[in-house]
Structures are given as C-alpha cells and as structure tokens.
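Since the structure comes first, as structure tokens, the remarks are kept for the end.
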Amino acid sequence: MSVEETTKNYSDTLNLPRTDFPMRAQLSKREPEILARWQELDLYERLDRRNEGRQRYILHDGPPYANGDIHLGTALNKILKDVIVRYKTMAGFDTHYVPGWDCHGLPIEQRVQNDLGPDILKKSPLEIRLLCEKHAEKYIGIQRDQFKRLGVTGLWQRPYLTMSHEYEVGILEAFREIVARGYVYRGHKPVYWDPIWKTALAEAEVEYQEITSPSIYVRFPVLDADQRPWLQGLKNLSFVIWTTTPWTLPANLAVCLHPDFEYVVAQIGDEHIICAEYLLSGFCEACQLPAPKIVSRHRGAEFEGLHCAHPMIEHKQSLVILGPHVTLEAGTGCVHTAPGHGMEDYLVALKYGLPIFVPVDEDGRFTDDFPMMKGMSVWKANPLIVDHLKEKGLLVGHVPLRHQYPHSWRSHKPIIYRATSQWFMDLSKGVRDRALEAIDREVEWIPAWGRDRIYNMVEMRPEWCLSRQRSWGVPIPAVHCDDCGDATLDLAVIDRLIAIVAREGTNAWFQRPIADFLPDGWACPKCGSRRVEAGKDILDVWFDSGSSHIACLEKDPRLGSPAALYLEGSDQHRGWFQASLLIAIATRDRAPFRTVLTHGFTVDEKGEAMHKSKGNVVDPRDIIKEVGADVLRLWVISEDYRNDIKFSKQILERMSDAYRRIRNTIKFLLGNLWDFNPASDALPYPSLLEMDRWALHELAVLIDRVRKAYDEFEFHKIFHLIHGFCTVEMSAVYLDIVKDRLYCQGPADRERRSAQTVLHEVLDALLRLLAPILVFTTDEAWQYLKRPEPSVHLTDMPAAEAQWRSPDLAARWHRLLDVRSDVSRGLEAVRRTKQIGHSLDAEVHLYPHSDEVRNLLETSRSILDEWFITSGHQILGTPPAEGDGVFRGDHVTVRVVRSPHAKCERCWQHRESVGRNPEGTSLCARCSDVVRRIG
RNA sequence: GGGCGUAUAGCUCAGGUCCGGUUAGAGCGCACCCCUGAUAAGGGUGAGGUCGUUGGUUCGACUCCAACUACGCCCA
C-alpha cells in the first residue's frame, strides 16, 4: 500500500463536509428560478395570510412615477423598503405592503405629445388622456417586473395606481373636503406663457435661446422725498432701475431694494439718483454718464415706503419695497417689480399685499388696462415704450443685450411670464400652523435633521397652487360661467362627479356634458347665467400622490392611516411628504405618518450625482446581470443610506467578495450538518463543551445587535456585524478550530455533536437574520436544511436563548483570544524561517507575563492545543530572551519548536501516542480509537 | 444667493459625542507567508490615516469656535 493510498483511506474515515449547496452562486441564473419557486409556492399569499390579525406595521409606499425604467436610486429605495417590510414581517407584524404608482402628470403627457408630433393639434384632451393612460400602464408593467426581480415582495397583483377609478375618487374626496373647509380659493400666479399657442408652459417645456433684448435704465422719480429728512432738498431725485423687458413697465407696481445693501444718493449734473453703491460706477459707465458725486449712503431698508411716479401710466404710483432676492450681479440694485410678470416680483408682492396686475392678454397683447397701447403685442410695444420713456425724460441709458431668453419648446418663439387665474390651497387659515405643530408633535424624523428641513420648507413656502393647465390628470371640477367668466367650486358638483368617477373614472369630466354634473336649475352664483362650461384645469400631481393616505390607506381595511412609516429620498421633504402632510392636516387635522425615514442619493465614486451627460449612470439591471440582486441588496444595506450612497466598480467588487465570504460560511456550516438531525442529535445547553458555549454567547451577541440595528434602521451595521461574525468569530477562529472535532471524532461523539449543535444554531440564526437582505441566497440555503417551513421567509426572526448569554464566559474566552493572537504571531515568525509550515507541526512553550494569564492558561490546558491548533504546549516560568523561535507577545512569550512526535496520518496532529496502538497503524490514540469504533 | 446635509486608511464603516488629554479601531482589498480534508476555498503576519482646508481658543484638538473648499438634496 502506497503512502498516498493510506492517506486516502484515512480520508474516508473522516466526517468531511458534504453539501450540494454550490460555492458559486450564479445568482443571475439562480435568482429567477427562486422567484419562480416562490410564485409556485404562492409565497406572498402565504406570508400575507400569516400576518393577518397581527399587530400592524404599515410602511406606505411612495409611488414612483410610471415613466421609464427604474434607476439605481429607485432600486435602492425599494430594497430599503423591502428589507424593512420583510424584517417587520419576521418580527411578528402585519405589514401588508401595497406598492403604488404615480400615473398622471406632465412627463408622461410630454412623452405622448412628443410621440404625436404635429398631430397633437388634432387630438382632444380626452384622446391625449387615453394615450397617456396606455403609456403609464406600459411602464407600470415594466417597472413591476424590475422591482420583482430585485426580490421585492408585495401585493404586486393589486398595487395602487393614482389613475385608477377608486384612487381618483379618493383624490376628489380629499379635494372636496378641502373645498368644504374653505381652503381653496381663486388667485393669480405668473406662469410661463406661450402667446403663439396661448398656453401655459411648465418649466420642462421651456428652452433657452440667445436673443438681443433692449436693456434699459429708467428713472423712477421720487414723489415724497420730504418724508425722509436725509432726502430733503435734493433736486430731481429718482431711483434708477434696469430691465430687459420694457413691455413689463406698464405693469410695474413697485421698486424693490435689498434691505441690507448699501445704497447711495449720487449727484450727476443737476439730478440725484439712488442706486446700490456697488453698482454705481458700472451703471454710470454703461450709460455713459459723467462721474457721479456721492451725497449720502443709506441701507436699503431706509427707503421702504417711499413712492415714485409710474413711468408709463399717468397719476399712478410705484411703491418702494424690500426683498432679499435683489442681487448685485447686474443692474442698479433697484429692481423694477411687476407682480403679474415675474415669479420673484409676484412673491414679494404677496408679502406687501400688492395686486397682481396683468395688462397683457393670452395673445401677448395689451388690454384695456394699458389703453396707450391696447391691442399691441408686447414685442412690438418694446421699442415704443423705450421711445416713450425717452420723450418723458425717464430713460437714463439704452444698451442692447445678447442673452439667453426662454422660448417655447412648441412654437420656438420667445415666451412671456404672465399671471393667470389659478386655484390655490390657503395655508394661512391654520393649515400651515397646524402642519408645523404636527411636524414637531406627531412625527419622528429620521435622521433628526429632517425635521428642520421640512419645518423650514413648510414655514417659508408660498400658498399651494393646485391647478395646472394640462390634460393628463384629475380635473378640478370648477364650473366656468360663459357670461361673467367667474369660476365656481360647488360641493354638489364635486359630489356628482365623485359618484360618476367611481364608475367611469375622471375621463367623464372631459367627455360628458357639464349638465350631468350640475344639480337641477344650477346657475352661476355671481351673475345667474346658465351658460356654463366645465373647467379645463387639472390638479397638481403632488395632490394625487399626496392624497394616498386617503385614496389608498383609508380605503383598505388592512392598511389605515396614519401609516407607521414613509420612506423616501430626502427630496421628498418638499415633494410627497409635504403634500401628504398638508392634505392630511387640511382634511384630517393630523399627520399621515408616525415616522418619516429619508435616504440620500446614489452618487458615483467621486461622490458626484449620476447624470446621463456625465456618463456615470449605473443601470441596476446591469448589476443584476453581472452579480445578482442579492449582491445589489447587500450593497444597499452596507452603506449608510442617510448620507449619499456611493457606487463604483470597486465597491461592487468588495460587495461580491463579502457576499462570497458569507455564502462560503453558509456552505461550510451546511456541509458539516449533513448527518445532524437537530431533533435527536442536538445536545442540551449544559452538555455543550465550554468553547461551544462561548460560540453560542457570541451568536447571542450577534442576534441582539443585529435585531437592535434592524429596529433602529441602522442597516449598514447589520452588514458589518454579520460579515465580521462570519469572517472573524466563525471562519478565523471557531470554525477553523472546530474542524478537528468535526472531521476526526466519531460521528456521534459528544465532541462532534456539541460542535454541530452550535453550527446548527449559527446557521439557523444566520439565515433568518439575513433573510430580509439576501432574500434569494438564504432561501436557497434553507432548502438544504430540510425544515418543515418551505421557505425561510415563512419563519420568524431568531431570538437568542437567555442561557446562551454568559458575560463571564465571554470575558474568559476573549482573554484566550488575546493569548491566541500572541501565539499566532510567534508561529508566523517561525514559519518565516521555514522551520514549520502548518501550525500542527509545532509545539508551543508559553511563558505568561502575569499570574492572571498563567492561571487562565493553567485552567484551560485541556483545550489549548485545540485552541491554538498546535501539537502540544507547555506552560513555563521565566521567559527566555527573544530570538530564535522566541517571540515576546503582549500577554505571553512564546517559544515555538517543531513537535518531537510523529504525525498522526489521520488528524495530522503530532502526538506521542502515534503508532502505539495494537493495530500498529501510524495513528494517534484518539484516531485509532475512532477508527476502531466506526469499523 | 437661501434652507438642510456630508467630509476618519484604496473601499465600506467604528470611535472619540454632551465632560477636548497616552501609540485613531474593524473588516475588505493589497503585500508576504502557510495549508491543500471549506479548494475558482481556508489560515497567519504585515504595510496603509498630518481624522476635507485654513485660522483661532487652549499647556494640549481629529474632538470646541470661525471661515473656507468640495460634494449632495431642495429652493431662488
């Protein structure tokens, strides 16, 4: 018999690991198979049924927009939600996760319009709406498949859609309640306006092109200089403003100054002008004025309340006001303010209670409100206005300017800013204040700074403009009078609409005659006319999604509002969280969520945002194809999502490494449990070897910490805890050590069963703890455990047994780990000299540095060889000098020598007993005994 | 320009927080070594950080203060 064959034979007597659980994951191939199995199992239904009746924990899904494929950020968001939902489910809650989609809105309408091209002219709003609906349906299907592929579980067959009839009813009910409470009013607001198409445009529909505009400096003569002692006696005193849109001057109502800037009164010839000091010289140069002489300096705030003569309209005045939006980048620091034609002008006008004056009609022509040029287009009026100013001596300078100016994406012609009639939600009648109160009293914000963020936003935001001049959305059921032009919101009309929408959807508003929605004999409340038509405006889509707590949560008896948790990106402090909060406050007088959790944004390795133009966009589908959804999920939880979440090639490689390590640990555990039946083979806790009880203590610590991290949404800690446990406590220490017992002892020996008992507990806990994260891998492994539950997802979170926790045991074994580290370093030093290879070739002489360590070692003698994986040890007295196999560690000095004994061919330990057995084999006493017993 | 954040080894994270004080930790990766009975695995040792920058307070700051820079989100 050759040596090789002998070795092989002894190999056969070992209990080597056995499992078909593959080392290589091949997730991109295996995951779809597991998904199919879940489908067959009806896993979601089983889970959902199991949950029914338990305490609720409702994570309410913020609906993604039903347009395009999912991106990395969407994937991250859904994975985070899924981890929470799955954890809470396994922790004993009824989670009933209903995903949703946001279906209405401009992006889809725009896509449809683009596809239609010029044909759009021939389409009615209703036809456009049908195309939009189709588009949304298509992408809901696409995204749903992509989410499922990520392993996200939920009620995919019955999601909530903001365009469903049921949901639309909910939106209208919310709107009705807000109308009923008197929070909706008609007001004005400037919008981008295309005078060619006579239509409002959204920001996204505006493109910028370079044009030449008249750039003029205009005097606003001060009428009441005598009100300020420091202005008295100054001749020809005026503010000077700068504008590139002379046509907005007729609509001027104010001159706006920055309260904190330094302004000067400057003398130029026989006149005095007021402008920001910083801009004085530049402006004089531009207007080719002689050098000014500074008369006095004042803060902007000191001019507030003065009046100027209106430059275009006789007997009209312009008020001097203050605003923080004034800049020193160009002009004079005195800003011509026309609230009907500029967003900032509008906002500052609201503060001062100025009217929103719009002397321009939908064709871009002046109205009766500016009789001088009535009927003339603003573009034609521009030069005439400049001439007029020159005649009146108000023009200080005129310098044509090339600059970027907004154009319509449809007509490609310059557009104007123009205030139009809109519906608003009134925040001033208590809604804002109650919302602020709720932010502090009713909601936990995670991270805590989310509170400051949304609080400031709600506090500072303008009134909510609810109306949009689009087709794809929920109609605002206003009735417009043909005679007086008044628009009315009538609860009876809304109720009729709601009843019809429940059956037909909101298309009804666009296709049925208005009479269907009017109570008998309905007439315009203002003029009594019966000639009326349906309003064409739709609701802001934020109102759609912001109604979800009514349209989704309140409608489903399994859900209910408020929800336990909303979880979205931090952009939603302005978006969904705020819309939801305002609607809930305005209709239910409370917040719709108890906790709001936010995550950051996915960025590239440099921490920069992902943009198509930058070419750093990552498609989650590519990652899934390359490494699988479980690795992607592992990445999601490994990063602290409260900050920005970085993604890079390197990070993904590290994640794949980490995944492999976890997978291999699972494989090793499975491999050593092939002949272990927990019911009959597990040892009771008191019968376990001490080292094994220590391992259980470590497991208990892991379980406690991981569960705490789950409960506190600190997922990245879970990654580090579990990965560290697999790598350090298990692979590097416990599993490495326990291999001897597992392989070499008799299959049913106490030493082996004790270790297996622990391995089984570890594997069981590990799979459950990881189940919400590695949803595929843990379930794949679970099948090899042959448990009654067909899926790990139908089990509960593990809980550590109280008796496992033993701080005394832990303290003792942590000291032993310290010594082990010294021994390892000593072994390594000798290994470098090639005197030993495997640590089993060595015997270690230990010289403790303290009585405490000596005592520790003396009382641990029976396990020291196993613990160090060496062949023999001695505990000795005075440490020798360092050098030649002697290493001075932190706790012991170690001398490493080659074991003088022969090597057991079975367990590879060097033992005095090797060969001293009746059979005459080159085995140690332990192994010859085992071999004899197993025959 | 405003509001809210972030900035510790190549990567992912700890920590020191409120009471500033000896050599700032872990895992991964990397280098080198060992093993070949977890094997496209496993073990060991080791090298990596002026804790974003600059000032200030202090006997002493990564930790306190200020300014700045970069990056992110939301506004303007």
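Computed from a predicted model, the values in this text were never measured in an experiment. Within every chain, numbering begins at 1; the chains are lettered A, B, ... in the order of the sequence lines, protein sequences first and strands thereafter.
The same atom, C1', is picked in B:rG5 and in B:rA24; the two are 25 Å apart, to the nearest Å.
With sequence neighbours excluded, the residues forming a side-chain hydrogen bond (donor to acceptor under 3.5 Å, both in side chains) with A:Glu568 are A:Asn77, A:Lys81, listed by chain and number.
Nucleic acid contact for A:Ser648: none, since no nucleic acid atom lies under 4.0 Å from a heavy atom of the residue. Across all strands shown, A:Arg906 has heavy atoms under 4.0 Å from base atoms, whether or not it also approaches the sugar-phosphate. At the heavy-atom level, A:Gly671 lies nowhere under 4.0 Å from the strands shown. When heavy atoms are screened at a 4.0 angstrom cut-off, A:Asp640 is found touching the sugar-phosphate backbone but no base atom. Heavy atoms of A:Lys606 sit nowhere under 4.0 angstrom from any nucleic acid atom. Within the nucleic acid shown, A:Leu14 comes within 4.0 Å of at least one base atom, counting heavy atoms only. Residue contacts shown for A:Asn643 are limited to sugar-phosphate atoms, with no base heavy atom under 4.0 Å away. Contacts of A:Lys834 with the nucleic acid, taken as non-hydrogen atoms under 4.0 Å apart, involve only primed sugar atoms and P, OP1 or OP2.
Here A:Lys739 does not pair with A:Glu866 in a salt bridge; the nearest charged N to carboxylate O distance is not below 4.0 Å. Under 4.0 Å is where a charged nitrogen must lie from a carboxylate oxygen, and between A:Asp571 and A:Arg574 no such pair does. Salt bridge present: A:Asp890 and A:Arg825 bring a charged side-chain N and a carboxylate O closer than 4.0 Å. Comment: A:Asp740 engages A:Arg926 in a salt bridge, judged by a side-chain N to carboxylate O separation of less than 4.0 angstrom.
Few gaps surround CG on A:Asp657; more than 12 heavy atoms of other groups in view lie less than 6.0 Å from it. Environment of NZ in A:Lys708: sparse, with no more than 12 heavy atoms of neighbouring residues, nucleotides or ligands closer than 6.0 Å.
Seen from the ring of A:Tyr710, A:Arg707 does not count as a face-on cation partner, given the 6.0 Å and 45° thresholds.
Of the candidates B:rG3, B:rA38, B:rU45, the closest approach to any side-chain atom of A:Arg825 belongs to B:rU45. In the set B:rC35, B:rU12, B:rG37, B:rG37 carries the atom at the smallest distance from any side-chain atom of A:Trp908. Comparing B:rG72, B:rA38, B:rC13 by their nearest atom to the side chain of A:Glu639 picks out B:rC13. Nearest nucleotide to the A:Glu608 side chain, out of B:rC4, B:rC71, B:rU12: B:rC71. Side-chain atoms of A:Lys739 lie closest to B:rG42 of the nucleotides B:rG46, B:rG44, B:rG42.
By the 5.5 angstrom centroid cut-off and the 30-degree plane limit, A:Phe668 is classified as not stacked against the base of B:rG42.
For B:rG48, the O4'-C1' to base torsion is within 90° of 0; the nucleotide is therefore syn.
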Using a cutoff of under 3.5 Å, can you pull out all pairs of nitrogen or oxygen atoms linking the protein to nucleotides 74-76 of chain B, with atom names and distances?
from   : atom 1 : to       : atom 2 : distance (Å)
B:rC74 : O4'    : A:Arg453 : NH2    : 3.4
B:rC74 : O2'    : A:Arg574 : NE     : 3.1
B:rA76 : O3'    : A:Glu344 : OE2    : 3.0
B:rA76 : O2'    : A:Glu344 : OE2    : 2.9

Can you name the atoms? Protein N/O to nucleotides 27-31 of chain B N/O, anything below 3.5 Å, with the distance.
from   : atom 1 : to       : atom 2 : distance (Å)
B:rG27 : O2'    : A:His723 : ND1    : 2.9
B:rG29 : O4'    : A:Arg654 : NE     : 3.4

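At a cut-off of 3.5 Å, with distance as the only test, a side-chain donor of A:Tyr659 or A:Thr777 sits close to an acceptor on the other residue.
With a cut-off of 3.5 Å on both Watson-Crick or G-U wobble distances, the partner of B:rU12 is given as B:rA26. Using N1 to N3 plus N6-O4 or O6-N4 for Watson-Crick, or N1-O2 and O6-N3 for G-U wobble, each under 3.5 Å, B:rA41 pairs with nothing.
The shortest distance between the side-chain N/O atoms of A:Tyr743 and the OP1/OP2 oxygens of B:rA38 is below 4.0 Å. Note on A:His716: a side-chain N or O is less than 4.0 Å away from OP1 or OP2 of B:rA14.
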query: After noting the C-alpha distance and the side-chain angles of A:Gln835 and A:Thr833, does the key distance pass the side-chain hydrogen bond (donor to acceptor under 3.5 Å, both in side chains) rule?
result: CA-CA 5 Å; A:Gln835 287 175 272; A:Thr833 67; 2.8 Å; yes
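With hydrogens and angles ignored, a donor-acceptor pair under 3.5 angstrom links the side chain of A:Ser731 to the base of B:rA38. Counting atom types as modelled, A:Lys667 pairs no side-chain N or O with a base atom of B:rA41 as donor and acceptor under 3.5 Å.
Ring planes of A:Phe577 and A:His573: perpendicular class, angle over 60° (limits at 30 and 60°).
Closest-nucleotide positions on RNA chain B for A:Val733 and A:Met730 were compared, and the one nearer the 5' end corresponds to A:Met730.
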